[in-house]
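Structure first, then comments.
Being a predicted model, the structure only gives us computed values, none of them experimental. Per chain, numbering begins at 1; letters A, B, ... match sequence-line order.
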Amino acid sequence: MGRFRTLSARFFRRPAEEVAPELLGRFVVRDLEEERLVLRIVEVEAYLGARDRASHAWQGRRTGRNKSLYEDGGVAYVYFIYGMHYCLNVVTGRSGNADAVLLRAAEPIAGAGTMLEHRRLSRSPRPGDLAGGPGKLCQALNIDRDFDGSPLTRGALRITEGEGATPEVIVTGPRIGIAYAGEAADWPLRFAIRGHRHVSRPLPWSK
DNA sequence: CGGAAGATCCACT
DNA sequence: GTGGATCTTCCGA
């Protein structure tokens with residue numbers, strides 16, 4: 001397929017905190033009927049399954065919504081939130097473990113025009129409007145629950161690498177929107193490319 | 001079976 | 001910076 005090489009299942013079958021920073025600088029490829037949409041990942045968060053109070057799988061919870069979290073690494077976990085948004089996770093680790101990485105923000109590489117149409121903005125777009133947030137990212141790629149449990153190693157939605165290594169510096173911080181999670185709210189499981197303009201919210205960049 | 005909350009986003013002040 | 005939208009999902013009774 002040339003420029004964008006799909007990552008193998010082996011890549012995903014490791015703990016989320018290990019996979020998460022390695023997803024930065026890699027790509028989400030979404031094939032539509034007549035067009036390929038490509039985003040470059042610039043911000044993610046790791047969720048540590050049963051041992052993480054912020055995870056949907058806290059204390060081993062198994063529900064109808066979260067069952068794909070327990071699949072072998074390399075599939076999508078897509079859930080619906082706040083009555084109107086979807087969030088896309090990359091499931092990691094082995095079967096029975098519920099680790100996952102939330103894709104929070106990405107930079108448009110190809111198909112920005114179509115992504116802008118998907119976003120249905122009323123105002124003129126500013127940087128970060130296309131995919132600078134987990135809900136925006138899903139809307140831009142037209143992702144919904146139909147992708148829940150689907151493989152990211154083949155098919156219409158894939159995680160790939162491009163050419164060369166990731167040149168940027170990675171910074172970490174606490175995760176967003178999980179104040180209820182007690183001690184886990186402080187864990188530095190949010191990862192981003194330092195200073196990147198498409199990040200959803202500022203991090204304390206180290207200088 | 002009902003109530004409450006939620007890994008968010010947008011418009012408005 | 002604040003509040004409202006909007007509805008699925010979950011948990012307790």
How far apart are the C-alpha atoms of His85(A) and Phe80(A), what are their side-chain angles, what is the distance that settles it, and do they pass the ring pair (Phe, Tyr, Trp, His ring centres under 6.0 Å) test? CA-CA 6 Å; His85(A) 301 294; Phe80(A) 185 66; 8.2 Å; no
Using whole Å, report how far CG of Leu102(A) lies from C1' of dG6(B). 14 Å
Between Tyr47(A) and dA7(B), do the rings stack, that is, sit under 5.5 Å apart with planes less than 30° off each other? yes
Do Lys67(A) and Arg62(A) have side chains that approach each other closer than 4.5 Å (heavy atoms only, starting at C-beta)? no
Answer for the Watson-Crick or wobble partner of dT6(C), both distances under 3.5 Å, is none
Atom CD of Glu43(A) and atom C1' of dT8(B): how far apart are they, to the nearest Å? 13 Å
Write down the distance between CG (Leu137(A)) and P (dA7(B)), rounded to a whole number of angstrom. 17 Å
What is the distance, rounded to the nearest whole Å, between atom CZ of Arg120(A) and atom P of dT8(B)? 23 Å
What nucleotide, of dC10(B), dC11(C), dT8(C), holds the atom closest to the side chain of Phe80(A)? dT8(C)
Between Asn89(A) and Ser122(A), which residue's closest nucleotide on DNA chain B lies nearer the 5′ terminus? Asn89(A)
Looking at Arg123(A) and Asp129(A), does any basic side-chain N land under 4.0 Å from a carboxylate oxygen? yes
Is there, by distance only and without an angle test, a donor paired with an acceptor across the side chain of Tyr79(A) and the base of dA7(B) below 3.5 Å? yes
Under 4.0 Å, counting only non-hydrogen atoms across every strand here, what does Arg65(A) touch: a base, just sugar-phosphate, or nothing? sugar-phosphate
Quick one: is Arg190(A) getting a side-chain N or O under 4.0 Å of the dA7(B) phosphate, OP1 or OP2? no
Using whole Å, what does the distance between atom P of nucleotide dC9(B) and atom OH of Tyr86(A) come to? 14 Å
Cationic tip of Arg175(A) above Tyr47(A) ring, under 6.0 Å, 45° of axis: yes
